[in-house]
Amino acid sequence: MNANPMDVASGAEPTAAPAWRQETLTQRVAGFFLRDRRAMVGMILLVVMLFAAFVGPRLVPYEPDQPNVRNRFAAPSWSHWMGTDRSGRDLLSRVLAGASVSFRVAIGAALLALLIGAPLGAVTSYIGGLVDDVTQRCMDAIIAFPARLLAIVLVVLMGPSVVSLWFAIAFSSIPRYARIVRGSVLDQKEREYVEAAHAIGEGRLAILFLYILPNVLPPLAVQVTLDFASAVTVEASLSFLGLGLVPPTISWGGLLNDAQQWLEEAPWLAIFPGAALALTVLSFVLIGDAIRDHLDPRTRRRGGTR
Amino acid sequence: MALLDVRNLTVDFDLGAESLRAVDDVSFTLEPGEALGIVGESGSGKTVTALSIMRLLDPRARITHGRIWFDGQDLVTQDESAMESIRGRRIGMVFQEPMTSLNPGYTVGEQVAEVYRHHLRLSHAEARRRTIEMFERVKLPGAREMFNKYPHEFSGGMRQRVTIAAALACGPSLLIADEPTTAVDVTIQAQILSLLGQLQRDMDLALLFISHDLAVVSELCTRAAVLYGARLMEVGSTDAIFTAPRHPYTDGLINSIPQRGQPLQGVPGTIFDLRTPPPGCRFHPRCAHARPLCHRDVPEFTRSPANTPGERGHVYACHYPLDSSRG
Amino acid sequence: MAAPTKRMIRYTLLRALQMIPTVLLVTVAVFVLIIIIPGDPVLSMLGYYADDVTAVPHEIYDRMFRELRLDRPIPVQYLYWLGDALQGDFGKSVVFRVPVIDVVLSRVPATLYLGTASLLIAIAVSVPFGVWAAVKNDTWVDHLASGFVLFGIAVPGFWFGMIVILVFAIYLGWLPSIGYVPPQEDFLRFLKHLILPATVLGLDVAANILRFQRTDFLDQLHQDYVRTARAKGLPGQLVIWKHVLKNSLIATVTVVGLNTARLLGGSTIIETLFSYPGLSRLLIEAIYARDFPVIQAVVLWMVVLVVIVNFFVDLIYAYLNPRIRYATA
Amino acid sequence: MMEALGATDSNLPLLRVRDLVKYFDVSGGAFRRLLYGRRTVQAVDGVSFEVARGETLGLVGESGSGKSTTAKLIARLLPVMSGDVLLAGRDILKASTNEMKALRKDIQFVFQDPFSSLNPRMRTEMIIGRALSIHFGFRGEARRERVVQLLERVGLSAQHLERYPHEFSGGQRQRIAVARALATEPSLILADEPVSSLDVSIQAQVLALLQDLRTRLGLTMVFITHDLNVAEYVSDRIAVMYGGKIMEEGATDDVMQRPLHPYTKALLDTRPRIGHPGQLRPLEGEPAVPLNPGPGCRFASRCPLRIAECTEQAVPLVEKRMGHNVACVRS
C-alpha cells in the first residue's frame, strides 16, 4: 500500500549471526571452559581434587587413623607417597580424608551464605524503605568485623562441628550476597526493560522472576565460586588454630597444625597438606575469575569502531 | 598548500580471531581556515579517521596504508614524542561526551592550565591567567570563579566549553571536533555551534567537524565529506553536496530528514557488518539504483566540473551518479 | 581555595557523626557476646569451667552476681558496661588476674610494629607493581602480576609462613623462626624477628591490593578523560602518574584501608605461627582459657579499629574524589 | 482490531490529562534534609492536554522539561501526586490493580533506548509473547503464530523469533519494541523519543513504520521528542514543554509557522537547517531544572522579552487563537 522503499520488508535484512550464537547453553558453557585457559586449568584441578576427596580414600591401602609405631616420620617413598607422621600414619590417606572434610565445609558454608544472603538482599531491596535501611545497617556492622575474627568468635560460641563451621564461615559472607543481589536488583529495577515489563502489565512476581532474577544469577555464580575458595581457607585456618574441627576428624588445617611442631624433622607433613589446600583454592579462584571476566563487559571489550 | 592532506588512509583493527577495516582508502584535504564536515552514520569510520590524525587510535588499530600530511609533515611516520608536541599545540581535539571527557578528580581550571604549562612552559600564575582569558573567550560565565570548580559542578554545555578551551589554548591551526553537540540539548547545540563558528573565524582555525547530522554540518562547514561503511562516498562544497548530491547515499541521508507533508524517503536496510564488507560498491545492497556493475566493481572517484570559479570541485564514487541538474 | 577547605571540614564532621551509630551497634554486639556464651558468667569469672554452682560459697557467688550487675535488666547492664568500657575498664582478666586493659595494652606495641611493617611492605610492592602491570597490559609484567595475585590468594598465609620458616630459619638459618624482642631492648634482634612474619603478611596483603588495583587502573586507562588528556599533548607518563593514578587511587585506598584495619588488629594466623606476642595471639590464648573479658576487649579493639580506619579512608576518598565532599556538604 | 472504548461519543477525546503534577524530592537522606532543607524538583507542574482519537500529539522539549515524566505518569509507571488522566472517560489514576491490568492493554509504551528496553536474557518470541499471554492468555503454537504476525507487521519475520536482543541492530530492536507495544492492541501509544538513539537513515525507517502503522491501525499517539523536525513530521498537534509546564500548544502548522511563545520561537531559531547556514540565533542560558522554582514563568530567566511581571505571578495557558494556546504574558 505504500511505495516507500524502506517499507515493511526492509527490516528483515539478514543479520550475520555468528554460528556460536545458535549453540545450546551446555555447548556454550563447555565452549567457555575450552576457550579460557584459566577456566580449563581450574576445572581440571577441581575435578582432580574432587576425585581425590570422594574416590581417593577407597583407592589407598592405608586407613587414615591406622598407627604404625615402627614406621614413624617416614619420608615420602613408594609405599608412603607422602610419608608418615609421628604415629606412623600414612599422610596420603590423611590428606585424602581431609579433602572430603574441606569440600563438605566449603560447599556447605558457601551455599548457606547464598541461601540466606541472596533472598535477604532480594526481599529487602524490593520492599525498600525502613526494612531496607535497617538491614543495610546490620550488614554494615557485620562487615565491620574482620571475617576471620567473626568466624573465630562464632565457632567458639557454637563449639567445633561441621555445622557450626558452616554457620561461622557463612555468617561473614552473608552481607556480600545480600549486597550483590540488592545492588543488582536496584540496578535492574532502573533498567528500561523492567519499566517496559510494567508497561505491558507484568505483575511484581513475574518481574522479579522473569526479568530481574536471570540477570542477578551470573554475579551470584561468581561469588559462590570465589566463596568456596575463601571458605576452604577459613576452615583450614580455624582448624590450624585448633578452633575448628578437632581430632579424630581429619582436616588439612589440623594436619598443618600438627606439622608445625615437626617442621624440622618431617617437613613433608607441612608441604603436602598445604599444597593440597593451595591447589583446591587455586582451582576455585581460577574458575571464579574466568567467569567474572567473561561476564564483565569492561574486561570483555569488543571491537567497536564507532 | 593544504594544511591537512589525508591520502588513501586505511586503518585495520586486529580483533584477535578476526580483523576489520574501519577506514578504507579515505582521502581529503583541508585548507587553512577552512571548515570541512565529515558526515556518516555509526560504523562509517568517521571517528577512527579523526583519531588517526591525532594518532590516538585504540592499541588494536593500525594505520596500514596512506599518508596524513599536516603542514608538510607526514603524521603517520611521526614518533610518539613528536606527536605529543603536535597534539594540543598545533592540532586540538574536542570529543563527543562532555560528561566523561574531563577528569573528575581535577578542577576544570587545572585541566586547561596544564596545557599552557606543558606546551608553553608557563608558570602556574601565568597559566592561570591565560586559562581565565581562554574561559572568557569560550564564554564561560564568571570565568574567574570557574577556575576552581570541578567538572561535576558543570552542565554538559559548560563542560564542552571547557574542553574547547583546552583544545584551543595553545592556538592550534587545526581543530578536530568529533560530534561535539550530539550529547547536548538543542538550545545548547546552537550555542556551541555559534561559538565554534566564531572562534574559527577569530582564530583563523581550520575545522574538521565530524557529525551524523547534515544540518549541523551545513551550518558550520563550507565543504563536506560523506563516509559510508569505512569508505568515502562523496566530497564537495556543502552547497553542492546538499542541494545536488551525486551519490545515492548522500541523497538518501538528505531524504532521511523528516519534512512535514512529504513521505519520508531515506535509505532502506542497515549497514553491513564491517567484518564482511560486500564486494563492489559498499552501498549497493541498500541502493535503489544499483546495477550488476555495482555488485562487481568498486567505483572510481569521479570529478564533476566545478560550478563556480575557485571551488575545488565535487568528487563522488558512484557508477551511476544522480543527475546534477536536479534540485 | 577557602571553599574547598570548608567543605572538607564539614564533610569530616558529618562523617564523624555517622560513625557513632556503627560504633554503638558494634559495642552492643560485643556486649551480647558475654550474654550468649554458654555457661554461668559468675563461674567463668571465677575461673570455673563447670556449671557447678555448689563449688562456690553462696555469699561469694551472690556478691559476684551483684558486682557484675547481673541482677539488673540487660539494657542497664549494657549501659554500665559501656560506661566502664569508655573509661578503659573492661574488668579483670580471669587468667592473668590483672585489669584487662593492662593485658591488652601490653600486647598492642608488638601488633602495631608487625602491622605497620607489613603494611609498608604491601604498599611498596603492590602500588608500583599494579601501575606497571596495567600500563604494560598483556605483557610479561602483567602476567607476572596476575601470577603473583593468584599465588597470594591461593596459598594460605600459614602454609606460606611454614615454608618460609623451613627455608630461611631451618635450612638456611638466617633468621629466627619465632618470638619477639621489644625494639628498646635490642633493635637489631627486634628487626630480625620482625622480617619473616612481616614479609609473609605483607606479601599476602600485597596480592590482595594488587588484585583490585590492577583492574581498576586498567579500567581508568580506558576512560574518556585519558584520551582527552592525550589529545592535549600531555606525555603518556604524565597522564598516567597525574591523571590516572589519582582516580585509580580511590579504589586502592579502599582496599588498603580494609587491609590496614586487618593488619592493625593483628593476624591470628601469622602471630600464632611465629609465636609472636601480639593482640591476635592474645585473643587465641584468651579463647583457649575462656578469658571472656579479654576476648571482649580484644574484639572491641579490632572492630573499633576497622571503624576508625574506614573513617580515614572516607576522608582520603573525599579528598581524591571531589564529588563526594560536594554531595554531602 | 480496535475494540471501541467508550464508543458512545467518538468526539470525546481519547486521552484527557488534567492538572498533572509530579514533584521529586532530591534533598537526599533525612540527615541532609534536616541540614539543608527540602529540595524538590517540580518535574511536571499542572500539565493539561487532550488527544483526540486517531490523533498524534507531539510533546516537545529539552532535557528537564518533564516530557518523559508526563508520559510515564500517564502510563502509571510513576505514582502521580495529583491530577487526572482519563482514557476514553475512564480515570486511570483511580483504577484498582485489577482494572489497571485491563487498562495497561489500552496504553502501550515505546521507550527511547532499544538497547535497554528489551530484556537481554529473553528471546524475541518471549519479549513479544509475554504481553499476549498476560492479556489474551495465548500459549504455545497460537502465541508463536501471533508473534510472527506482529513481527511481520513491523518488518521482521519468523526467522527472528529465537534471537536475543544483542543479535539485532538498533533499528531492528526498536521494531521489536514497537511489535511488543502493538501486541496488546492498544488504543493509545506513548512513544518516548523512539527514534533519537538511532542512526539517521534508520530513524527515517522507524518513523515511516510508525506513520504507516498509525494510519493503518488508527492509533492514537503521544510522541515525545526533542527534535522539532521529527515532531513536525509526525504530529497533528504539538505541545511545547519547558521546566515542567506547557508553554504553547496547538495545531502543528500553527505552532511551527506562527509560534506565539518566545521559547518556541527560540527553539525554531536554534534549529540548524540544511542550506540555510548562518541563520542560527542561539538562546542564552541552560535548560532550567525546576528546582524549588518561583511562582512565575519557568522560562523567564532565559527569555529575551522578560518583564517584571513574568517572575511575579503564575502564567496560565490561555487560548490566543482558535485551538492555539500559549502561556506568556507578552504574547
Side-chain angles (χ1 to χ4, degrees), chain B residues 50-51 53-60 80-108 110-112 114-120 145 147-153 159 162-163 165-170 172 175-176 178, chain C residues 1-8 11 134-139 142 216-254 315-329:
Chain B
L51 291 175
I53 298 168
M54 291 299 271
R55 294 273 312 279
L56 284 176
L57 287 168
D58 185 291
R60 294 166 308 178
E80 180 59 23
S81 76
M83 279 313 297
E84 275 163 11
S85 63
I86 292 174
R87 287 183 207 130
R89 182 159 192 182
R90 296 167 62 201
I91 307 180
M93 182 157 178
V94 177
F95 296 94
Q96 175 175 358
E97 253 324 314
M99 302 317 270
T100 52
S101 59
L102 289 170
N103 189 336
Y106 288 99
T107 61
V108 291
E110 169 60 20
Q111 293 184 58
V112 178
E114 67 179 345
V115 184
Y116 285 114
R117 293 204 307 270
H118 177 70
H119 284 302
L120 307 181
E145 295 79 62
F147 192 94
N148 284 329
K149 296 217 181 236
Y150 286 92
H152 72 265
E153 299 174 81
R159 291 189 207 200
V162 173
T163 58
L168 297 182
C170 296
L175 177 69
I176 303 176
D178 184 3
Chain C
M1 281 302 172
T5 324
K6 229 160 88 188
R7 281 222 164 87
M8 199 68 206
Y11 176 79
V135 173
K136 303 267 173 204
N137 187 17
D138 237 1
T139 61
D142 193 22
D216 189 69
F217 202 91
L218 212 54
D219 197 38
Q220 290 291 335
L221 273 181
H222 287 95
Q223 298 291 313
D224 283 353
Y225 71 80
V226 175
R227 198 175 54 181
T228 311
R230 300 278 313 278
K232 289 191 293 192
L234 303 184
Q237 291 296 316
L238 183 68
V239 174
I240 285 168
W241 294 103
K242 177 176 175 183
H243 285 267
V244 181
L245 191 63
K246 184 168 180 186
N247 287 297
S248 90
L249 276 181
I250 292 171
T252 311
V253 163
T254 317
L315 290 193
I316 301 175
Y317 224 90
Y319 168 74
L320 291 170
N321 185 356
R323 224 168 314 178
I324 293 176
R325 60 176 184 261
Y326 281 76
T328 327

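To find a chain, count down the sequence lines: A is the first, B the second, and so on, and within it residues start at 1. Remember, predicted model here, so these are calculated numbers, not experimental data.
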Asks: For B:Q111, is it the side chain, the backbone, both, or neither that has a heavy atom closer than 4.5 Å to a heavy atom of chain C?
Replies: both
Asks: Shortest non-hydrogen contact from C:T228 to B:S101?
Replies: OG1-O, 2.7 Å
Asks: B:M54 vs C:R227, test: side chain to side chain contact (heavy atoms under 4.5 Å, CB included). Steps then yes/no.
Replies: CA-CA 10 Å; B:M54 291 299 271; C:R227 198 175 54 181; over 6 Å; no
Asks: Under 4.5 Å from any heavy atom of chain C, what part of B:L51 do you find: side chain, backbone, both or neither?
Replies: side chain
Asks: Is chain C contacted by the side chain of B:R90, its backbone, both, or neither, given a heavy-atom distance below 4.5 Å?
Replies: neither
Asks: Among B:L102, B:T100, B:N103, exactly one meets side chain to side chain contact (heavy atoms under 4.5 Å, CB included) together with C:D224. Which residue is that?
Replies: B:T100
Asks: Using 0.5 Å steps for rounding, measure from the CD atom of B:E110 to the NE2 atom of C:H243.
Replies: 7.0 Å
Asks: Are the side chains of C:K242 and B:E114 in touch, meaning some heavy atoms are under 4.5 Å apart?
Replies: yes
Asks: For residues B:H119 and C:G233, report the shortest heavy-atom separation together with the two atoms involved.
Replies: NE2-CA, 3.8 Å
Asks: What are the two closest non-hydrogen atoms of B:A166 and C:K232, and how far apart are they?
Replies: CB-CD, 3.8 Å
